[in-house]
Number of protein chains: 2
Amino acid sequence: MKYIEKLRNSGLRPTKQRLQICEVLFDTETTFHFTINDLANKIKRQLNHKISLATVYNTVHAFEKKGYLKQIPINSNQTYFDTNISDHHHFYDLKEEKLIDLENSDVGPIKILKKIGGKKIKSVEVLVKLED
Amino acid sequence: MKYIEKLRNSGLRPTKQRLQICEVLFDTETTFHFTINDLANKIKRQLNHKISLATVYNTVHAFEKKGYLKQIPINSNQTYFDTNISDHHHFYDLKEEKLIDLENSDVGPIKILKKIGGKKIKSVEVLVKLED
DNA sequence: CACTTTTTTAGAATCATTATAAAGTAGACT
DNA sequence: AGTCTACTTTATAATGATTCTAAAAAAGTG
């Protein structure tokens, strides 16, 4: 199985649950956005059995820490994650409450002119809110 | 009192609590970032009495809806607000867990090349994460 | 297999936020 | 000032996402 190596290399034991979550997250044509709840439902639908919610939380956080998922900075009562870990941005459709990817190439280059002493820029994320 | 008009013009009755919250929020040299909890504490400290937490929530949301406050898009267990309602951005210092303003003039112009049919851009917000 | 460490799990705990509904207040009109 | 109505405030309860707990299960090692 192709995810066993990946997990081992990250120092994560390739357990049944983690491998199944990998399938649901990464065996897809396209990347997608999700909340923990979305993911738990998708797992149940797709694998026909449930994985404990605590495990889903643990796994998503572990994957995020390892860089296999990204959190999307947006204000919502739930946390949104993205399986697209490339350097990119988001539209947020306020009416539909839906996120849409915005590739880096669709945003002109961003220059941050202000510097903060002793700190390095880790990421630059753009959120474009849309209305009708 | 200078906030009475402002509130009335927004269709908000100028109640004692709202006026006091206006003082705490807007009678300052500089703008600032806060969570509801920060604000509730600041009120208690500065006015020497408490305003019900529910009222603080109600008022902050009312002010945000009217455009007197902005929510800052960031992932945290609490919601961050900003009394700086000018078009600007933020640094987020991951180590200190602190927000720092980033004026529009400190960010090169941002061009959003992708268009979404029937939707207008309401805002463009940049979050720059900082590490050591 | 025996042993240690990590992981999973159900359920409880936490904590920010929102809802409720009763009491208080503002504004308008006499 | 008094009356009326609609809006506000308030304490408290309810909600709901997330985290914690600690016991059972599974993985890795020899």
Side-chain angles (χ1 to χ4, degrees), chain A residues 1 3-25 33-44 47 49-66 68-69 71-81 97 99, chain B residues 1 3-25 33-44 47 49-66 68-69 71-81 97 99:
Chain A
M1 248 272 260
Y3 298 115
I4 292 181
E5 271 302 293
K6 182 175 174 168
L7 290 175
R8 252 195 250 283
N9 292 339
S10 319
L12 296 172
R13 285 185 182 173
T15 63
K16 182 157 62 77
Q17 291 84 348
R18 283 175 180 161
L19 291 168
Q20 289 176 332
I21 292 175
C22 277
E23 281 181 49
V24 174
L25 289 176
H33 309 126
F34 65 93
T35 64
I36 296 288
N37 216 49
D38 292 342
L39 180 57
N41 290 333
K42 196 169 190 201
I43 288 166
K44 197 149 71 183
L47 306 177
H49 71 88
K50 92 188 255 295
I51 292 178
S52 165
L53 200 55
T55 302
V56 179
Y57 272 97
N58 289 340
T59 304
V60 166
H61 286 139
F63 286 5
E64 197 239 341
K65 193 168 295 176
K66 297 299 180 185
Y68 304 143
L69 291 172
Q71 255 191 267
I72 302 173
I74 189 178
N75 284 115
S76 165
N77 55 330
Q78 281 151 273
T79 303
Y80 278 85
F81 294 89
E97 297 187 2
L99 283 160
Chain B
M1 249 272 260
Y3 298 115
I4 293 181
E5 270 303 292
K6 181 174 175 169
L7 290 174
R8 252 196 251 281
N9 292 339
S10 317
L12 297 172
R13 286 188 181 170
T15 64
K16 181 156 62 79
Q17 290 83 351
R18 283 175 180 160
L19 291 168
Q20 289 176 333
I21 292 175
C22 277
E23 281 181 48
V24 174
L25 288 176
H33 309 125
F34 65 93
T35 64
I36 296 289
N37 215 50
D38 292 340
L39 180 57
N41 289 333
K42 197 170 190 204
I43 288 166
K44 198 149 71 182
L47 306 177
H49 71 87
K50 93 189 252 293
I51 292 178
S52 165
L53 200 55
T55 301
V56 179
Y57 272 97
N58 289 339
T59 303
V60 165
H61 286 138
F63 286 5
E64 197 239 342
K65 193 168 294 176
K66 297 301 179 181
Y68 304 143
L69 290 172
Q71 255 190 268
I72 302 173
I74 189 178
N75 283 115
S76 165
N77 55 331
Q78 280 152 274
T79 304
Y80 278 85
F81 294 89
E97 296 187 3
L99 284 160

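Below, read A as the first sequence line, B as the second, and so on, with proteins coming before strands; counting in each chain starts at 1. Because the structure is predicted, anything quoted here is derived from the model rather than measured.
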Looking only at dT9(C), dT10(D), dA17(D), the nucleotide nearest the Ile51(A) side chain is dT9(C)
Assign each of Thr15(A) and Tyr57(B) the nucleotide of DNA chain C bearing its closest heavy atom; nearer the 5' end lies the nucleotide of Thr15(A)
Here the distance between atom C1' of dT8(D) and atom CD of Gln20(B), to the nearest Å, is 14 Å
Between Lys66(B) and Ser10(B), the two heavy atoms sitting closest are NZ-O, 2.9 Å
Ile43(B) atom CD1 is separated from dT10(D) atom P, nearest whole Å, by 10 Å
| message | Could you check whether Lys42(A) makes a cation-pi contact with Phe34(A), meaning its NZ or CZ is under 6.0 Å from the centre of the six-membered ring and within 45° of the ring axis? | response | no
Less than 4.0 angstrom between a side-chain N/O of Lys50(B) and OP1 or OP2 of dT10(D), yes or no?
no
Minimal heavy-atom distance between Pro73(B) and Asn75(A), with the atoms involved, is CA-OD1, 3.1 Å
Asn75(B) atom CG is separated from dT18(D) atom P, nearest whole Å, by 10 Å
Taken to the nearest whole Å, CG/Asn77(A) to C1'/dT19(D) is 17 Å
When rounded to whole Å, the CG to P distance for the pair Asn58(A) and dA10(C) reads 13 Å
Separation of dT12(D) atom C1' from Leu53(B) atom CG, nearest Å, is 12 Å
Between CZ of Arg8(B) and P of dA6(D) the distance, given in whole Å, is 19 Å
Taking the side chain from Arg18(B) and the backbone from Arg13(B), do they hold a donor-acceptor pair closer than 3.5 Å? yes
Looking at side-chain heavy atoms only, is the closest gap between Ile36(A) and Phe81(A) below 4.5 Å? yes
Q. Which is true for Thr55(A) with a 4.0 Å heavy-atom rule: it touches a base, it touches only sugar-phosphate, or it touches nothing?
A. base
By nearest-heavy-atom nucleotide on DNA chain C, the more 5' of Ala54(B) and Lys16(B) is Ala54(B)
Worksheet item: Between the side-chain atoms of Arg13(A) and the base atoms of dT5(C), is any donor-acceptor pair under 3.5 Å?
Response: yes
Check whether any side-chain nitrogen or oxygen of Gln17(B) sits under 4.0 Å from OP1 or OP2 of dG24(C), and answer yes or no.
no
When rounded to whole Å, the NE2 to P distance for the pair His61(A) and dT8(C) reads 14 Å
By nearest-heavy-atom nucleotide on DNA chain D, the more 5' of Thr79(A) and Ser52(B) is Ser52(B)
